[in-house]
Amino acid sequence: MKYMTGNELREAYLQFFSEKKGHLRLPSFSLIPQDDPTLLLIGAGMAPLKPFFTGKMKPPRTRVTTSQRCVRTGDIENVGRTARHQTYFEMLGNFSFGDYFKGEAISWAWEFLTEVIELPKDKLWVTVYPDDTEAIEIWKSQPGFPQDHIVKLDDNFWEIGPGPCGPDSEIYIDLGEERGCGSPTCGVGCDCDRYLEIWNLVFTQYDRTEDGQYKPLAHKNIDTGCGLERLASVVQNKRTNFETDLLYPIIEYASKVSGVKYGEDAQKDISLKVIADHARSMAIMIMDGILPSNEGRGYVLRRILRRAIRHGRMLGIKDKFLEGAVDAVVEIYREASDFGELVAKQDYIKKVISIEEDRFAATRNQGMELLDGEIKELKAAGKK
Ligand code: GLY
């Protein structure tokens, strides 16, 4: 296995698909969906490409590769509590719009994982949709594929809201018995940390309509999703995504300002991880033109920002601290090809965050005054 920085890993993936496999390399699309009222924010690599899958628009090439910035907040309460939950992540993807299908998607994923980044073949496992004998045969014909490492799973079907979707095949890596739960039934699909899903190949055949029907698409497509931070945790041999070079510098910053060391107190580690995750989300949302507000995307941003401040308070940070977190975020991406805008807008992002931090402090102070007043009145009346 090769050690790679997060930025090197992204580059290796995009170069493999563009230079070796004929894909058009496109920069990440904005987090703000264009002409898609079904989504508040882009939450998957394929989301901005939906019109190419459905045939509504002609793609610039039938093979495209991207590293798409994504925000998902459905599981925000889990961030910091698990090894993998994040609100912001990057999804590496290779896409076919009526061009190649299962054979190429499977064999190129295998080639990238085992030859480019040199993951050990005997540690890789795959899941397939139970009826998908074609995918099973293709997997079995890959060079050095461990023939018994295939599991059939009923829920191997991928969709995100209305739009293109289909059966999928997921690739897992076995991180070792010591990372497992020890249960005799522990295996691929177990909730513990042993088997980590690193890549999902979706055989996009349907278009789910707003009223829940699955309409066959005119051509078969490929949509894939490979989480950059997850894969980085594998090649960097880190227990969680937060310890990779894509997040850890922000933990170090929060640790320095708060004087709280990472790894000594599980509760405080949660706050350090929340700050690291939320700092990336807020910086990149603002980079894409979102501003804190009380509705829609702006509200998502405001909530993330205020959660980060609250976790800073839980670590004992009394002063404003988020501008420094933005500097740490910018340093992570300074050398990355798609993030020139982040560097260019660094001062603007810090300004937006600084104003919001002041506003939140004022709201809190006002709230504290009201609360103090109420408490005084109750006490004066001899009540609790
Ligand atoms: N679009 C496939 C995935 O995100 O897993």
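Remember, it's 1-based here, ligands and their atoms both numbered in the order they're listed. Nothing fancy with the numbering, it's 1 onward along the sequence. Not measured: the values here are computed from a predicted model.
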Q. With a cut-off of 4.0 Å, which atoms of ligand 1 are near a heavy atom of Met91?
A. 4 (O)
Q.
Ring-plane angle category for Tyr13 and Trp199, please: parallel below 30°, perpendicular beyond 60°, tilted otherwise.
A. tilted
(Q) I need the single residue from Gln86, Arg230, Glu229 that forms a side chain to side chain donor-acceptor pair (under 3.5 Å) with Asn241. Which is it? (A) Gln86
Q: Over 60° means perpendicular and under 30° means parallel, so classify the ring planes of Phe16 and Phe112, tilted if in between.
A: tilted
Q. What are the atoms of ligand 1, with element, lying closer than 4.0 Å to any heavy atom of Val202?
A. 2 (C)
Q) What protein heavy atom sits nearest atom 1 (N) of ligand 1, and how far off is it? A) Asp223 OD2, 2.8 Å
Q: Tell me whether the centres of the aromatic rings in Phe53 and Phe97 are closer together than 6.0 Å.
A: yes
**Q.** Asn200: numbered ligand 1 atoms lying under 4.0 Å from its heavy atoms
**A.** 5 (O)
